[in-house]
Colleague: 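Next up is a structure, given as structure tokens.
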Number of protein chains: 2
Amino acid sequence: MYIGIDLGGTNIAGGLVNDKGEILFKHSIPTGRERGSDLVIEDIYNVIQVLIDRNNTDSEVMGIGIGIPGISDPHTGEVLVCVNLNWYNVPLREKLAEKTTLPIYIDNDATVAGVAEFQVAQAGKYNDAVILTLGTGVGGGVLIDGKVVSGHHGIGSELGHMLIGEGLYTCNCGRNGCLETFASSTAIIHYAKHLITQGSASSMFHAVGGDLDKITGEVIFDAAKKGDVVANQVVDRLVKYLSIGIMNIVCTIDPEIILLGGGISMAGDFLIQKVNTALDALKYFKASPVAKVEIAKFKNDAGIIGAAMYAMIHQ
Amino acid sequence: MYIGIDLGGTNIAGGLVNDKGEILFKHSIPTGRERGSDLVIEDIYNVIQVLIDRNNTDSEVMGIGIGIPGISDPHTGEVLVCVNLNWYNVPLREKLAEKTTLPIYIDNDATVAGVAEFQVAQAGKYNDAVILTLGTGVGGGVLIDGKVVSGHHGIGSELGHMLIGEGLYTCNCGRNGCLETFASSTAIIHYAKHLITQGSASSMFHAVGGDLDKITGEVIFDAAKKGDVVANQVVDRLVKYLSIGIMNIVCTIDPEIILLGGGISMAGDFLIQKVNTALDALKYFKASPVAKVEIAKFKNDAGIIGAAMYAMIHQ
């Protein structure tokens, strides 16, 4: 039995997860990030304690996995940076180790989501695989030869920060041109608003009652599926740059499969078909097959299951 | 004892290499690529035979490694595509296996050059490392967890085909924006000619006696080191895009070290200092260290030694 913690900007979501990756019990509390890291870590421990207490199976809790929305040092368990939590150099594992003797494993949330997809949903079928989580930002998880790649300095698999062109706005990281400024919900909402504000007539305007701040990824994809020209222009820009990002992953590590997760992946086949068409045109060796691109299976629970499985495979 | 073959567009260069990666004897003949693959393969075998005959040590030849300027299927030993040789789907291993019972291992030339650098020159010091060979084109070799990564379909580590911007000309692969159209000698020669033709005054013009077709990478770097403004503009463009390519490798697999090889790497510290300055400005997590960037140690023999060592470690 393992505990998986999905530390987010909004909630600390935890689960008691068995060796098969099934959640037996969930417990979630608000993060309250404005309180600072000490109090948040105390609450992470409280969630862990509730989950341990709820374990009424014969199987003991063997370890704790934590997915964080940022980067950590895999050796020390220190959170190096979480922009969304305003955490810099927070000794997360050290602080938790004052309260529990259970082993604690910490990694990026998209990385542990990848673990959930590849180890559990796909049952270890793929040894060389990548997950791209297309949400508010773009996260990445890389699996090579069956192992999660976090990199030598713990800053690998940050695929949302791949530089691929001239963007319309500056990324949170301070640079221009990151994949996440083209392929996140933030990016497509920004571009849809930009086009409508510039005078493009779109059904999206009516769908949100004229309040452009209500445009979401769902609104854009719904309109695109119904044939709205502007919405399709927005989706096609995402597809163009997402495909460039995918081909850059291919030319580097050439995985067997690339999974798309996160909110934008709810667009399903509509998205996959457009991406596959774009990828066909982008091959550098026309005759060679490239990675399959599919929608990830886990939705909201990927973080919890992935964190728990991450602890299991690292033990 | 192993045989390493560096199959190039100009020469078939072979060497008898001991287990320490030392070349005991070399033999090289012109490729004569216009003759077609069958005759070239016959000559590859002839080089192998000469090398086996010259082995006067007690140590038997245990295997053959071949570095090719293109991509191959690591499982079947088939050369899928070598644009420079005009080879498509050539069953290289199968054809050689008709003549020798020695095991034959085939991979991309930059990949095996990486093996030479990391296994021999660096003596296995690095487990997570990348080599970029900056020559006529840009090749790549990726080592993760001590293993060479060729990818699931054999098209990985083709780092020269990473898409990073709008290029001035179309890449050999048919696309626009590949790293090799910014960071190869072809790319900087093209850009230097472009600037001079457009009217920029440069000492490079005089260095080649007014014959722009005589501009080489060496001419450009020599002029840049002496302070020529146009030559520095050319080098700075290379550095800008090379650094973007390096940071995209970092955000994907975050290696410990990235080596620069190939003709352009002869620019040495002058290049490294400019690249390090550019990389500092390009960090996505400002506080975190990133891969060291250094000049590769092996020059022209990296292909032979690497191919032999590739055979050794795969046996």
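Chain letters run A, B, ... following the sequence lines, proteins first and then strands; every chain starts at 1. The model shown is predicted, which means the values in this text are computed figures rather than measured ones.
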Colleague: Heavy-atom pairs under 4.5 Å with chain B - which of A:N127, A:I155, A:V142 has more of them than the others?
Modeller: A:I155

Colleague: Does A:Q315 have more than 12 heavy atoms from other residues, nucleotides or ligands lying within 6.0 Å of its CD?
Modeller: yes

Colleague: Can you tell which part of A:P255 gets under 4.5 Å to a heavy atom of chain B, answering side chain, backbone, both or neither?
Modeller: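 Only the backbone of A:P255 comes within 4.5 Å of chain B.
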
Colleague: So, does A:D254 use its side chain to make a donor-acceptor pair with the main chain of B:H153 at under 3.5 Å?
Modeller: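 Yes, because the side chain of A:D254 sits within donor-acceptor range (under 3.5 Å) of the backbone of B:H153.
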
Colleague: What part of A:D73 lies closer than 4.5 angstrom to a heavy atom of chain B: side chain, backbone, both or neither?
Modeller: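 For A:D73, there is no contact with chain B at all, as no heavy atom is under 4.5 Å.
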
Colleague: What part of A:K283 lies closer than 4.5 angstrom to a heavy atom of chain B: side chain, backbone, both or neither?
Modeller: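 When you check distances to chain B, only backbone atoms of A:K283 fall under 4.5 Å.
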
Colleague: Heavy-atom distances under 4.5 Å only: say whether A:S288 touches chain B with side chain, backbone, both or neither.
Modeller: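 Just the side chain, heavy atoms under 4.5 Å.
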
Colleague: Pick one of side chain, backbone, both or neither for B:N172, based on which atoms fall under 4.5 Å of a heavy atom in chain A.
Modeller: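 Contact with chain A: none, neither part.
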
Colleague: Between B:V83 and chain A, with a heavy-atom cut-off of 4.5 Å, which part of the residue counts as in contact: side chain, backbone, both or neither?
Modeller: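 Neither; nothing under 4.5 Å.
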
Colleague: Is chain B contacted by the side chain of A:I144, its backbone, both, or neither, given a heavy-atom distance below 4.5 Å?
Modeller: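 For A:I144, the side chain is the part near chain B, not the backbone.
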
Colleague: Out of B:V81, B:I164, B:N89, which one racks up the most heavy-atom pairs below 4.5 Å with chain A?
Modeller: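 Most pairs with chain A among the choices: B:V81.
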
Colleague: Which of the residues A:A291, A:S157, A:C251, A:A281 is involved in the greatest number of heavy-atom pairs with chain B at under 4.5 angstrom?
Modeller: A:C251

Colleague: Would you say B:Y284's side chain and A:M162's backbone share a donor-acceptor pair under 3.5 angstrom?
Modeller: no

Colleague: Specify the closest pair of heavy atoms between A:N248 and B:L163, including all atoms of both residues, with the distance to one decimal.
Modeller: OD1-N, 2.7 Å

Colleague: Answer with side chain, backbone, both or neither: which region of B:T252 has an atom nearer than 4.5 Å to a non-hydrogen atom of chain A?
Modeller: both

Colleague: I'd like to know which of B:G174, B:G156, B:G154, B:G140 tops the heavy-atom pair count under 4.5 Å against chain A.
Modeller: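 The candidate making the most pairs under 4.5 Å is B:G156.
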
Colleague: Pick from B:G245, B:C173, B:C178, B:G165: which one has the most heavy-atom pairs with chain A under 4.5 Å?
Modeller: B:C173

Colleague: Side chain, backbone, both or neither: which part of B:V250 has a non-hydrogen atom closer than 4.5 Å to chain A?
Modeller: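 B:V250 touches chain A through backbone and side-chain heavy atoms alike.
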
Colleague: State whether the side chain of B:D128 and the backbone N or O of A:H152 hold a donor-acceptor pair below 3.5 Å, judged by distance alone.
Modeller: no

Colleague: A side-chain contact here means heavy atoms from C-beta on lying under 4.5 Å apart; do A:F285 and B:I71 qualify?
Modeller: yes

Colleague: Below 4.5 Å from any heavy atom of chain A, which atoms of B:L282 appear? Answer side chain, backbone, both or neither.
Modeller: both

Colleague: Identify which part of A:V130 has an atom lying under 4.5 Å from any heavy atom of chain B, answering side chain, backbone, both or neither.
Modeller: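 When you check distances to chain B, no heavy atom of A:V130 falls under 4.5 Å.
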
